[in-house]
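See structure below.
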Protein chains: 2
Amino acid sequence: MTVHLQPRPRGRPRGFDAANALEQALRVFWTRGYDQASVDLLCSAMEMPRATMYSLFGDKDGLFLAVVSHYAQTRLSFVAETLSSGNDLLQDLHAFFKGVVQLSTAGRDPAGCLISCVLADVAATNAEFRDERNRRFDALEQRLEARLLRDGWPTSGSCPANVAASLAAAMARGIVQRGRTGQSADDLYPVAISAAEALYRMRDTLPEK
Amino acid sequence: MTVHLQPRPRGRPRGFDAANALEQALRVFWTRGYDQASVDLLCSAMEMPRATMYSLFGDKDGLFLAVVSHYAQTRLSFVAETLSSGNDLLQDLHAFFKGVVQLSTAGRDPAGCLISCVLADVAATNAEFRDERNRRFDALEQRLEARLLRDGWPTSGSCPANVAASLAAAMARGIVQRGRTGQSADDLYPVAISAAEALYRMRDTLPEK
DNA sequence: CAATTTTTGAAACGAGTATTTCAAAAACCG
DNA sequence: CGGTTTTTGAAATACTCGTTTCAAAAATTG
């Protein structure tokens, strides 16, 4: 006997799994990119009729932005939280870059990062996507900078905190991109470890020469 | 009076500037990406009739691959040659990363790198492009590794030459991607300098712990 | 000039796209 | 059961895209 804690809504019940729909759409966008992910493909992956998709998300752009948000919540927050573990900086950096490798090599064919690969691409010809990309990119840099500042990283000198944060983000995105080319986690872990080490050593830079 | 060193070929002369056609197509692909660069747009930018484009390059894919090759010859070789200057390693690394910044912020709206941004994207759903991307990516890593080895960079230890080369490539591609988001050369130069420094310091890693 | 060769421009094709529309279906309420 | 509400599925719309075709144009050759 099925128990309905909340009474079933009025009209015809939905025939698709609402909780999993964005996850399925994510897989399509993730592996094929925006342009190559047709609405047909997306809807059949979600097992959702086109009419329903349009009533829920407005258009393909709206679905994509919802997917990006879903992706950030389910994938990126996990990586970002490595910077708030309570451990010391070097440990956090190691965890962060390892998380980046896991992110970009998880699953079978989906690889890379939906934001730094797929969203970054469509941003070229779509103002709304461009804004979204810029917000997401800036957010990572700011999160990294805040972590460095919390550790007493200097704000001036040859490698101030904001520059170090930009460098860390660049390393992360470069690693992610290599994940999308098919390199395995085993290939990328040594790179991630060296990235953490290389960044950490920049803190010891003398104020000026 | 025009002097023809080589006799004019047989039929109707071409009405477009053959020497500049690829350069114009490059601008379109570079700024708009592959899918958003329609054949109409490409041909009008090249001032070349569609029929001529198809007879010269076969199809849109063929034109794109020709553009990629043109791009590599006119843009990337300049950056790659910074690693063969005859100067010491640190100087070369500085020149390399500065070249990366210049590459990804040159021009007005075209930004980023045609290979690591545009080609990398279409590689998701096209096997031919995927091969081309992998070749180009591998080539950069190998060139970097060769430069490190020439300087006596160790091949074992915590950061062997191949790992350091992968890290350098990742940093470069991450910087390039930030150029595509609109960051200026002035924003990115400090990151480039820190990238060179950070990588250089990894050579001093002790063999094992 | 006539024949030949190559390029040109425009039209046409066929396939695929995002989006809209709407009657039928499937539930609930009274 | 009849009325209401929401979802469904399929058809239709309107458009863009990559590609092919081909007669006209513009040059050289004999």
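If you measure from atom CG of Asp35(B) to atom P of dG16(C), you get 15 Å, rounded to the nearest angstrom. As rounded to whole Å, 11 Å separates atom P of dT19(C) from atom CG of Leu42(A). The distance between atom OH of Tyr54(A) and atom P of dA11(D), rounded to the nearest whole Å, is 17 Å. Whole-Å rounding puts the Gln36(A) CD to dG18(D) P distance at 11 Å. What separates CZ of Phe64(B) from P of dG18(D) is a distance of 13 Å, to the nearest Å. Going from atom CG of Asp61(B) over to atom C1' of dG18(D) covers 10 Å, rounded to whole Å. Summarising the geometry, the separation between CG on Asp59(B) and C1' on dT20(D) is reported as 13 Å, rounded to the nearest angstrom. Across the protein-nucleic acid pair, Asp40(A) atom CG and dA18(C) atom P stand 7 Å apart, rounded to whole Å.
Within the structure, every pair that satisfies the side chain to side chain donor-acceptor pair (under 3.5 Å) test and touches residues 45-62 of chain B, not counting sequence neighbours, is listed here: Tyr34(B)-Asp61(B), Asp40(B)-Arg50(B), Asp61(B)-Asn126(B).
Ring pair Phe129(A)/Phe64(A): centre-to-centre distance below 6.0 Å.
Across all their heavy atoms, Ala195(B) and Ile175(B) have their closest contact at CB-CD1, 4.3 Å. When all heavy atoms of Leu83(A) and Arg147(A) are compared, the pair lying nearest together is O-CD, 2.9 Å. Of all the heavy atoms in Trp30(B) and Gly112(B), the pair that sits closest is NE1-O, 3.2 Å.
Taken from CE in Met46(A) to CG in Leu56(A), the straight-line distance is 8.5 Å, to the nearest 0.5 Å. Summarising the geometry, atom CG belonging to Asn20(B) is positioned 11.5 Å from atom CZ belonging to Phe16(B); distances are rounded to the nearest 0.5 Å. Rounding to the nearest 0.5 Å gives a distance of 15.0 Å between OG1 of Thr181(B) and CZ of Arg136(A).
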Completion exercise
Its contact letters, B for base, S for sugar-phosphate only and - for none at protein heavy atoms under 4.0 Å, make nucleotides 1-13 of chain C read ---BBBBBB----

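Comment: Asp151(A) engages Arg203(A) in a salt bridge, judged by a side-chain N to carboxylate O separation of less than 4.0 angstrom.
Note on the helix from dC1(C)-dG30(D) to dG30(C)-dC1(D): terminal axis deviation equals 10°, with five pairs used at each end and the result rounded to 10°.
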